[in-house]
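Written out below as structure tokens is the structure these notes cover.
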Amino acid sequence: MSENVVHLFKDPQDAPQAAPAPVAAFAAETPSVPLWARSAKAIRHVVTHENTTTACRAVARHGLYVAGGTRIVARRTWESRTPARYERMIRAAEAAGNYEAATEWEERGQRFRDARHRRRMDLLTAPLDAAKGVAAAAGMGAGMLLLVGIALAVANENFADVATPTMAVVQLIQWLVFIASVTWGPAVTIGPWAALIGLWAVGKHQQAAPAWAMPANLRDTDGEPITPSIVVLALRNLGVAPLRNAIKDMGDAGASMLGPIRIAGCGVEVDVTLPSGVSTDEVQRRRRKLAENLGRHEHEVFITIPTAARTVRLWVADSGALDEPIGPSPLVTDGSMTADYAKGRAPWGEDLRGDAAVLSLYQRHLLITGLSNQGKTVALRALALWLALDRSVQFLIGDLKGVGDWAMFDGLATTLIQGPTDEHVIQVTEMVEGAVEEMNRRIQAPPGTVFPALVVLVDEAQMAFMCPVKDEDKRPYGGSKSNSRYFMAVRKIHNQGRAVNVLMWQGTQDPTDQNLPKLVREGAHTRASLALGTESQARMALGDKAVDGGAAPNMLRPGLDQGTLVVASSGIDIPAGQAAITVRTHYIDDDGAKAITDRAKALRDGVTTLHAIERGEDRDPLADILTVLGDAQRVLTQDVLKRLATLNEDAYGAWTNGDLKRVLDGTGAEPYKSDGRMVVGRDRVARALANQDDEGSASASG
């Protein structure tokens, strides 16, 4: 390559020196590449080099500073000479619906026009007035100089001194003319440059250049403190045309939209009154873009709707503040803490403002949901741990995950079922049905009877709703139909349990209509959600009202916002106008939970925990019906029910005509009318029982 380069010059001495080592190596590796291609590649490398782009950006930036400064100065000059600013303020006030302010600005504008008119009329007589003033001043000046000269001549006894003051003035004028003649040329030369520098300074101070031209340290606004100008700029660039136009028309550049910026915990809070024609949901739908305009991540900006019309409340976290853990739970640090179910509140965590988030559990059913591994069990367990410190509270716990998350409640809960199988679902269902029976017993008690709280807690409840197993009467344990045993038991507690302090707490994953039926989720008084995948899931978890009011658990970051949940409940203090509140819960590990339950057990006399539901002896209803029929060919259905209750009160004491009909349907022994009354035939029941035995024998032999 060096030889080829030498031949391009007439004199070998004119040839350039040998290429640097990197270039020589490149040439050695690509000897077949033509010179023009290598030159083009070198030019492209120079053009795209970081230093080149930085220099081009700097040139563009400073040129745009001058252009922006010119625009700013021209606008200021125009506004100082015309009523433009008053007209903008009028339009802004009208856009905001403040017609009183619009009228006031119109009056100010009219006063400005009147004053301007008077100044213009004064200009018509200004030359004559100026001439008179100059003549008067000249006469007075000449007289003064003459008097000074006479006084000087008398003092010096020299008549020539009369002209001395006048000549001094003449010489001063000569010097001024000389100085002006000397400085005029440089001033004419320097003046435009000084004006250019002034315009550049104005543009630089106002950062009148686009973001792409700014240096990297100014383009990166992450972590920048939130100021009114930043908020207005973020709203202006949100992509909502009516909002952008209204801000441009406002004389104060949009500052009138903002309330005071208040420090709120690990961030700041500000109310924004939107101009007419801009709806609050248009801002809510652009949460990510607004966060990026504010120099924050999406999870660091929360948008809620306060009570004021056309107003959104922005809470903006300090950059990175939400990634810092909160302090330990008072349940762990305060060994003397106790609970009061009726009057106390559980210390659950902190809200975004850094204030303690405490939750009342009194007569409130509870539902916590979220994606897997987001801290649902820990958040639910924290509430149960606090309530366990009230010695009067009883627990029935079903853990359908079965990995020991609730093992510390052994010896504290009356029933503790742990496991993920269908048999465990059956046990949990029967546990909830037992709570329904206890609820019915309490309801039938004399008025005024006070009952201790009974908390029926089911973790991973979606497994119960999705269980496909059916009982011997073909009734499914799972599902959401009227014959679903778990679903109906939960619904009964939701309907009447609150009045007698029987409460239903459930934790479930990934809510859908299949694993969390609508009637069940709407029956909870306190609804909380950790991170979810979609807005539709958020609506299932918290309800439409909370989501429409700004609640967005689907905006939480799975895996990063563990333990952070959105709560909709009357049991927690929610800022006025909001439908939900975001809570960062305290993390209590297994060792801490065990220490708390040990304290709770010490408050009690001792609890024997059942790990399975005790069932009565297996009975064959068809055989018992045949037994109570005796030798009679037919017996009234009401009498059959009475005889069954006498035979076994526990098994048949609560039976109704529907239960009897359910057992006999499909067997060929269904109740029928005789003399206008429903009866049960003995021969039919005997034949159905024989057929049942034959089917059982055939199944056994098979």
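The first residue of the sequence shown is numbered 1, and numbering continues consecutively from there.
The residue from Leu243, Val270, Val278 that alone fulfils the side chain to side chain contact (heavy atoms under 4.5 Å, CB included) condition with Met257 is Leu243.
Screening residues 190-202 for side chain to side chain donor-acceptor pair (under 3.5 Å), with sequence neighbours left out, gives His62-Trp200. Within the structure, ring-ring contact (aromatic ring centres under 6.0 Å, His included) contacts touching residues 109-130 (residues at least two apart or in different chains) are Tyr86-Phe112.
Without hydrogens or angle criteria, Glu107 side chain to Glu104 main chain gives no donor-acceptor distance under 3.5 Å. For Trp315 (side chain) and Ile303 (main-chain N/O), no donor-acceptor pair under 3.5 Å exists by modelled atom type. Proximity of a side-chain donor or acceptor of His586 to a complementary backbone N or O of Gly327 within less than 3.5 Å is detected.
Salt-bridge formation is detected for the pair Glu269/Arg262: a Lys NZ or Arg NE/NH1/NH2 atom is positioned less than 4.0 Å from an Asp or Glu carboxylate oxygen. In this structure, Asp114 does not pair ionically with Arg118, as no charged nitrogen and carboxylate oxygen lie closer than 4.0 Å. The pair Asp351-Arg584 fails the salt-bridge criterion, with no side-chain N (NZ, NE, NH1 or NH2) lying under 4.0 Å from an Asp/Glu carboxylate O.
In the displayed structure, Gln284 atom CD is contacted under 6.0 Å by more than 12 heavy atoms of other residues, nucleotides or ligands. Within a 6.0 Å radius of CG in Leu196, other residues, nucleotides and ligands contribute more than 12 heavy atoms.
The salt bridge (Lys or Arg N to Asp or Glu O under 4.0 Å) check on Arg286 picks up nothing, with sequence neighbours excluded. Legend: residues meeting salt bridge (Lys or Arg N to Asp or Glu O under 4.0 Å) with Asp561, ordered by chain and number and at least two apart, are Arg557. In this structure, Arg111 has no salt bridge (Lys or Arg N to Asp or Glu O under 4.0 Å) partners at least two apart in sequence or on a different chain. Glu298 is linked by a salt bridge (Lys or Arg N to Asp or Glu O under 4.0 Å) to Arg288, counting only residues two or more places apart in sequence or in another chain.
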Is there a side-chain contact (heavy atoms from CB on, under 4.5 Å) between Glu350 and Val583? Walk through the geometry before answering. CA-CA 6 Å; Glu350 295 180 358; Val583 175; over 6 Å; no
Passes side-chain contact (heavy atoms from CB on, under 4.5 Å), Leu274 versus Thr311? Steps please. CA-CA 6 Å; Leu274 301 175; Thr311 301; over 6 Å; no
Could you walk me through whether Arg119 and Arg116 pass the side-chain contact (heavy atoms from CB on, under 4.5 Å) test, one step at a time? CA-CA 5 Å; Arg119 289 194 301 270; Arg116 184 181 60 179; 3.5 Å; yes
Verdict with reasoning, Glu106 to Thr103, per side-chain hydrogen bond (donor to acceptor under 3.5 Å, both in side chains): CA-CA 5 Å; Glu106 185 176 6; Thr103 303; 5.3 Å; no
Assess whether side-chain contact (heavy atoms from CB on, under 4.5 Å) is satisfied between Leu235 and Leu290, documenting all intermediate values. CA-CA 7 Å; Leu235 293 169; Leu290 178 61; 4.1 Å; yes
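His297 places a side-chain heavy atom less than 4.5 Å from the side chain of Glu300.
For the pair Arg287 and Phe302, the cation-pi criterion (under 6.0 Å, within 45° of the ring axis) is fulfilled.
The heavy-atom pair separating Ala538 from Asn554 by the smallest distance is CB-OD1, 3.6 Å.
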